[in-house]
Amino acid sequence: MGAAAFHRRRHHNNHGRLIPAISAVSGALLLVFVLFSFLTPSPTDDEHFRHDLRRPMVNNGVVNVEVSGFRVPTSGGRLDRDLWKSRMSKFYYGCSNASKKFQEAEAITQSKRYLLIATSGGLNQQRTGITDAVVAARILNATLVVPKLDQKSFWKDASNFSDIFDVDWFISHLSKDVKIIKELPRRAGKTWTPYTMRVPRKCSARCYQSRVLPNLLKKHAVQLTKFDYRLSNKLDTDLQKLRCRVNYHALKFTDPIIEMAEKLVYRMRKRSKHYIALHLRFEPDMLAFSGCYYGGGDKERKELGAIRKRWKTLHTTNPDKGRRQGKCPLTPEEVGLMLRALGYGKDVHIYVASGEVYGGEETLAPLKALFPNFYSKDTLASKEELEPFSAFSSRMAALDFIVCDESDVFVTNNNGNMARILAGRRRYHGHKPTIRPNAKKLYRFFLNRVNMTWEAFASSVRTYQRGFMGEPKEVRPGRGEFHENPASCICEDTEAKEKMDSGPRKLGKEIGATRKDVGEVVDDENDDDELEWSDPDDEEDQNAPLDKGLFNRTGLDYDTFSSEEPELEELLSD
């Protein structure tokens, strides 16, 4: 009995000593955990945007994007606006007819004045050159020879004008504005070699008259090379309206391109009543050229750095500064989160116009998790259907152009040529919604999104995007490129608008919110987000004679920007 009692006391004593030991170990572990939490650095930009993050998961009707730190609802939620239409668009319309004082081509075109244009870059950069070439010919009272397309730069597309655009329609539709011929006539039975020259970027009407006209009078045939953005944004109204007649009416794609694009649009519409077109612009070349950094560590720096070395004249940039200034595309995940915050639910169908995405499927995974109805021309059409176009980058780009133009909502992830042209075109044809991320504000905001609820996140995104949704009068007339903001070609139905403004007070909530919601006449936060690679003659006195000595005084080689690198700006922006 004594032994039994001793055994119980011993067991009790062991048990008593065990509890403090367990408590001490637990306390030590807790202390280690707390210290580890304090010592572990908070998520950095590298971790925030790293490409090797795990794929988002879909659980219980909620998309849980792990990197985001909060649950993203599948529904876009109920908003006080139509997601698929611009609220005030019915009061604005495209108007590009010439005024009565604008003489017809037959009356002003001078004999023995032939203007030839050699465009630069890919499809959309060339489109700006073609549009401005017509206006330049009008300024010079010259006959325009159908422009030559760039076949040598980065895109290396052998297509001629007539392979992409309906050349007969182009000539006939503009016949009252400018005389256009397909080829330069022979001179004394021999091939006529035109005098070749360049003009500064954004050359005014007076600049053309002082620089080009003297050579035209002397040589009778002048070819302007590297012709992209070589015409001023500021022209008189009739010349601006001529720009619109060219860009929005005369430049019609060839029938094969239109027919294939219509099939793609039909297949998108068959799947859903509405669709978003997204110009993603997250290709390796794009990111390398822009100098942006997305948190991929040494692997990303090495890969994009190697691509960046292809361009000898490319200057060194601060990769973080570009992101802070809104000069870099959003990641696919960020685009998806922005769209969900703006009200677009998981059931929305998206057409993506993009080349090879940096990081491949892993980079696209968050966007596809948010919007699984995800399509491109390669998934909508068979390889056989695309075969007539696939060897020609400009024809493939034309297919994307049409599908994006026909979309209910167009989302651009940078402010390049395609984005600008489509934004202007969509404004002209009824202000169809065009969303451009307010990248400067959104970048800083995305960094802190893990510290807020979804409701707060979505509300802030909607606030930041006011003025970036493609609504009428979003941008002041004269701001930005004319191709993006063709204010001279957009008229207002003031009578109808006044009737609405004076309507019953019960509509006041919607009307009163209009200016705030659409961001009317907003200062463009991204006004400088176009990373242009300027030519050494950009800052020249436009009325001064050409002088190579000017370039030599700057220490730049005259031909550096015209021989090897004409594709720099196009790579970034098309």
Side-chain angles (χ1 to χ4, degrees), residues 45-46 48-51 53 67 122 124 276-296 300-301 303-304 307-308 314 317-339 341-342 350-360 362-368 370-371 374 376 397 400 404 409-423 434-447 449 461 464-465 468 484 524-533 568-574:
D45 290 6
D46 283 18
H48 194 72
F49 298 108
R50 193 175 302 280
H51 292 301
L53 290 165
V67 68
N124 296 293
I276 293 174
L278 168 60
H279 192 211
L280 195 53
R281 295 309 274 126
F282 210 72
E283 296 90 349
D285 287 336
M286 168 68 186
L287 302 185
F289 177 76
S290 65
C292 300
Y293 175 65
Y294 291 89
E300 179 185 326
R301 291 189 181 94
E303 289 174 348
L304 298 185
I307 298 172
R308 196 172 173 80
L314 206 55
T317 63
N318 181 332
D320 297 319
K321 184 178 180 182
R323 289 276 282 172
R324 290 196 303 271
Q325 293 179 340
K327 294 184 177 182
C328 302
L330 301 185
T331 67
E333 180 198 38
E334 291 168 344
V335 172
L337 290 172
M338 177 192 73
L339 289 175
L342 291 173
I350 292 185
Y351 177 90
V352 178
S354 176
E356 174 196 358
V357 172
Y358 181 64
E362 203 163 13
T363 301
L364 286 173
L367 177 59
K368 287 186 174 182
L370 288 165
F371 296 97
F374 189 93
S376 67
D400 278 338
C404 289
V409 174
F410 173 58
V411 181
T412 168
N413 198 22
N414 81 320
N415 196 32
N417 289 307
M418 180 171 169
R420 288 196 294 263
I421 291 173
L422 276 173
T434 300
I435 300 173
R436 183 158 63 95
N438 184 351
K440 189 182 294 186
K441 289 267 183 82
L442 290 180
Y443 165 67
R444 293 190 292 266
F445 182 64
F446 275 123
L447 287 178
R449 69 181 185 259
V461 169
Y464 292 150
Q465 280 302 119
F468 292 80
E484 179 183 12
D524 191 343
E525 291 279 348
N526 291 356
D527 197 46
D528 297 324
D529 70 353
E530 176 196 355
L531 300 178
E532 287 192 357
W533 199 262
L568 279 173
E569 180 186 343
E570 174 59 23
L571 173 61
L572 172 67
S573 55
D574 212 39

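Computed from a predicted model, the values in this text were never measured in an experiment.
Atom CG in L422 sits 10.0 Å away from atom CG in D400 (nearest 0.5 Å). Here L304 contributes atom CG and M286 contributes atom CE; the two are 11.5 Å apart, rounded to the nearest 0.5 Å. I276 CD1 to F371 CZ: the interatomic distance, rounded to the nearest 0.5 Å, is 6.0 Å. Rounding to the nearest 0.5 angstrom, the gap separating the CZ atom in R436 from the CG atom in N415 is 4.5 Å.
The side-chain hydrogen bond (donor to acceptor under 3.5 Å, both in side chains) search around N413 returns none, not counting sequence neighbours. The side-chain hydrogen bond (donor to acceptor under 3.5 Å, both in side chains) search around T412 returns none, not counting sequence neighbours. Legend: residues meeting ring-ring contact (aromatic ring centres under 6.0 Å, His included) with F445, ordered by chain and number and at least two apart, are F457, Y464.
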Using side-chain contact (heavy atoms from CB on, under 4.5 Å), reason through E303 and Y358 one step at a time and then give a plain yes or no. CA-CA 10 Å; E303 289 174 348; Y358 181 64; 2.5 Å; yes

Assess the residue pair M338 and I435 against the criterion (side-chain contact (heavy atoms from CB on, under 4.5 Å)); give the C-alpha distance rounded to whole Å, side-chain angles, the decisive distance to 0.1 Å, and a yes or no. CA-CA 10 Å; M338 177 192 73; I435 300 173; 3.9 Å; yes

side-chain contact (heavy atoms from CB on, under 4.5 Å) between I350 and L339: does it pass, once the steps are laid out? CA-CA 11 Å; I350 292 185; L339 289 175; 4.2 Å; yes

Verdict with supporting geometry, L367 and E333, side-chain contact (heavy atoms from CB on, under 4.5 Å): CA-CA 5 Å; L367 177 59; E333 180 198 38; over 6 Å; no

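Across every non-hydrogen atom of A353 and C404, the tightest pair is CB-SG, 4.0 Å. Here the closest non-hydrogen pair linking V357 and S354 is CG2-OG, 3.6 Å. The nearest pair of heavy atoms linking F446 to E334 is CZ-O, 3.4 Å. What you find for K440 and Q325 is that their closest heavy atoms are CE-O, 3.4 Å. In plain terms, the two heavy atoms of L337 and R449 that are nearest each other are CD1-NE, 3.7 Å. The minimum heavy-atom distance linking C292 with P329 is given by the pair SG-CD, 4.5 Å.
Distance alone, capped at 3.5 Å, places no donor-acceptor pair between the E484 side chain and the A423 backbone. Judged by distance alone, the side chain of R324 and the main-chain N or O of R444 form no donor-acceptor pair under 3.5 Å.
Annotation: side chain of S290 is not in contact with side chain of K327 (no heavy-atom distance under 4.5 Å). At a threshold of 4.5 Å between non-hydrogen side-chain atoms, the residues I307 and D285 count as touching. With contacts defined as side-chain heavy-atom distances shorter than 4.5 Å, the pair V335/P437 does not qualify. Annotation: side chain of V411 is not in contact with side chain of H279 (no heavy-atom distance under 4.5 Å).
Taking the centre and axis of the six-membered ring of Y293, the NZ or CZ atom of R301 falls inside the cone set by 45° and 6.0 Å.
When ring centroids are compared, Y294 and F282 come within the 6.0 Å threshold.
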